[in-house]
Amino acid sequence: QVRPVETGGGAVQAGGSLRLSCTAPGLTLDDFALAWFRQAPGKEREEVSCISFTGRSTHYVDSVKGRFTISRDNDKNTVDLQMNDLKPEDTAMYYCAAVTRSDCKTTVRGLHVMTPWGQGTQVTVSS
């Protein structure tokens with residue numbers, strides 16, 4: 001199975017920015033809606049943001065609204081997550097996933113993940 005590859009993580013101070021990128025060699029991402037998830041130490045993985053199959057709809061978990069922006073580039077076969085005004089509570093391993101075409105029409109919740117989890121990219125925000 002094709003496994004996504006996430007890049008762009010790092011260590012920043014609170015208020016800083018990072019841009020995460022994800023691709024999945026061998027998988028055509030424009031066949032899917034796409035999403036970013038994160039998992040902090042000791043916590044369950046949670047949905048962060050998704051972008052619909054058409055690219056017309058985006059949704060975010062409340063804690064990142066106004067700070068994070070998801071985008072997709074079907075020509076490059078990538079999905080990015082621009083993260084601004086980062087907070088210590090954003091510290092986590094971030095993962096991307098392809099989800100079903102019917103996902104992400106009205107909410108970021110309840111996504112149906114179609115790809116194995118990649119290695120993720122670590123984001124660490126210090127206060």
Side-chain angles (χ1 to χ4, degrees):
Q1 275 186 305
V2 175
R3 200 174 294 273
V5 178
E6 302 94 347
T7 59
V12 297
Q13 291 190 328
S17 297
L18 286 171
R19 187 176 184 90
L20 308 184
S21 187
C22 171
T23 189
L27 182 67
T28 302
L29 294 181
D30 59 4
D31 288 340
F32 303 91
L34 302 170
W36 283 93
F37 295 74
R38 66 186 179 187
Q39 187 168 21
K43 295 188 176 181
E44 292 189 355
R45 194 168 353 228
E46 67 167 345
E47 304 99 332
V48 175
S49 179
C50 65
I51 185 165
S52 66
F53 164 64
T54 63
R56 295 192 192 106
S57 296
T58 58
H59 299 283
Y60 302 88
V61 66
D62 285 347
S63 60
V64 308
K65 283 181 180 176
R67 301 188 296 121
F68 289 13
T69 303
I70 190 171
S71 61
R72 64 189 298 165
D73 187 329
N74 290 343
D75 290 337
K76 295 182 179 178
N77 207 41
T78 58
V79 56
D80 289 356
L81 187 67
Q82 177 66 42
M83 306 187 297
N84 297 329
D85 190 23
L86 282 159
K87 305 176 184 295
E89 51 265 42
D90 295 319
T91 294
M93 188 72 79
Y94 284 72
Y95 304 87
C96 72
V99 299
T100 63
R101 288 189 184 187
S102 59
D103 284 337
C104 197
K105 289 183 177 177
T106 59
T107 178
V108 70
R109 300 297 186 187
L111 303 178
H112 301 86
V113 176
M114 302 297 290
T115 47
W117 297 111
Q119 291 191 333
T121 187
Q122 177 69 38
V123 172
T124 303
V125 185
S126 58
S127 57

Original post:
If you look at every heavy atom in Pro4 and Thr115, which pair is closest and at what distance?
Top reply: CG-OG1, 3.8 Å
Original post:
Can you list the residues that meet the side chain to side chain donor-acceptor pair (under 3.5 Å) rule with Thr58, with sequence neighbours excluded?
Top reply: none
Original post:
Is it true that Val12 and Leu81 fall in one hydrophobic cluster, defined by side-chain heavy atoms closer than 4.5 Å?
Top reply: yes
**OP:** For residues 6-28, pull every pair meeting salt bridge (charged side-chain N to carboxylate O under 4.0 Å, His left out), keeping only residues two or more places apart or in separate chains.
**Re:** Arg19-Asp80
**OP:** Scan for salt bridge (charged side-chain N to carboxylate O under 4.0 Å, His left out) pairs involving residues 47-65, sequence neighbours excluded, and state none if there are none.
**Re:** Glu47-Arg109, Asp62-Lys65
**OP:** Sequence neighbours left out, what pairs pass disulfide bond (SG atoms under 2.5 Å apart) with at least one residue falling in residues 13-43?
**Re:** Cys22-Cys96
Original post:
Of all heavy-atom pairs between Asn84 and Ser17, which one has the smallest distance, and what is that distance?
Top reply: OD1-OG, 3.0 Å
**OP:** Hey, could you give me the CG/CD distance between Leu18 and Gln82, rounded to the nearest 0.5 Å?
**Re:** 8.5 Å
Original post:
With hydrophobic residues grouped by side-chain heavy-atom distances under 4.5 Å, do Tyr60 and Val79 end up in a single group?
Top reply: yes
Original post:
Hey, does the side chain of Arg45 reach the backbone of Met93 with a donor-acceptor pair shorter than 3.5 angstrom?
Top reply: no
Original post:
Honestly curious: do Phe68 and Val99 fall in one hydrophobic cluster under the side-chain, below-4.5 Å linking rule?
Top reply: no
**OP:** Please identify each residue that fulfils side chain to side chain donor-acceptor pair (under 3.5 Å) with Asp31, with sequence neighbours left out.
**Re:** none
Original post:
If you measure from CG on Leu20 to CD on Gln122, what distance do you get to the nearest 0.5 Å?
Top reply: 10.5 Å
**OP:** Identify, with sequence neighbours excluded, every residue that meets side-chain contact (heavy atoms from CB on, under 4.5 Å) alongside Ala11.
**Re:** Thr124
Original post:
Which residue, Leu27, Thr100, Val2, forms the side-chain contact (heavy atoms from CB on, under 4.5 Å) with Met114?
Top reply: Thr100
Original post:
Would you say the side-chain atoms of Asn77 pair up with the backbone N or O of Leu29, donor to acceptor, closer than 3.5 Å?
Top reply: yes
Original post:
Do side-chain atoms of Arg3 reach the backbone of Ala24 as a donor and acceptor pair under 3.5 angstrom?
Top reply: no
Subject >> Residue pair Gly118 / Tyr95: nearest heavy atoms and the distance that separates them >> reply: O-CE2, 3.4 Å
Subject >> Asp103 side chain vs Leu111 backbone, donor-acceptor pair below 3.5 Å >> reply: no
Residues 32-42 side chain polar contacts: donor-acceptor under 3.5 Å, at least two apart:
{"unit_1": "Arg38", "atom_1": "NE", "unit_2": "Glu46", "atom_2": "OE2", "d": "2.7"}
{"unit_1": "Arg38", "atom_1": "NH1", "unit_2": "Asp90", "atom_2": "OD1", "d": "3.0"}
{"unit_1": "Arg38", "atom_1": "NH1", "unit_2": "Tyr94", "atom_2": "OH", "d": "2.9"}
{"unit_1": "Arg38", "atom_1": "NH2", "unit_2": "Glu46", "atom_2": "OE2", "d": "3.3"}
{"unit_1": "Arg38", "atom_1": "NH2", "unit_2": "Ser63", "atom_2": "OG", "d": "3.3"}
{"unit_1": "Gln39", "atom_1": "NE2", "unit_2": "Lys43", "atom_2": "O", "d": "3.1"}

Subject >> Partner residues of Asp85 under the salt bridge (charged side-chain N to carboxylate O under 4.0 Å, His left out) criterion, sequence neighbours left out >> reply: Lys87
Subject >> Partner set under side-chain contact (heavy atoms from CB on, under 4.5 Å) for Phe53, not counting sequence neighbours >> reply: Arg101
Original post:
In terms of hydrophobic clustering (I, L, V, M, F, W, Y; side-chain heavy atoms under 4.5 Å; direct or indirect links), are Met83 and Val64 co-clustered?
Top reply: yes
Original post:
Once you round to the nearest 0.5 Å, how far does CD of Gln119 lie from OG1 of Thr7?
Top reply: 12.0 Å
Subject >> Residues forming a side-chain contact (heavy atoms from CB on, under 4.5 Å) with Ser126, sequence neighbours excluded >> reply: Gln13
Original post:
At what distance, to the nearest 0.5 angstrom, does CZ of Arg72 lie from CG of Asp30?
Top reply: 6.5 Å
Original post:
Restricting to pairs with a member in residues 53-85, which pass disulfide bond (SG atoms under 2.5 Å apart), not counting sequence neighbours?
Top reply: none
Original post:
Can you list every disulfide bond (SG atoms under 2.5 Å apart) pair that touches residues 49-91, not counting sequence neighbours?
Top reply: Cys50-Cys104
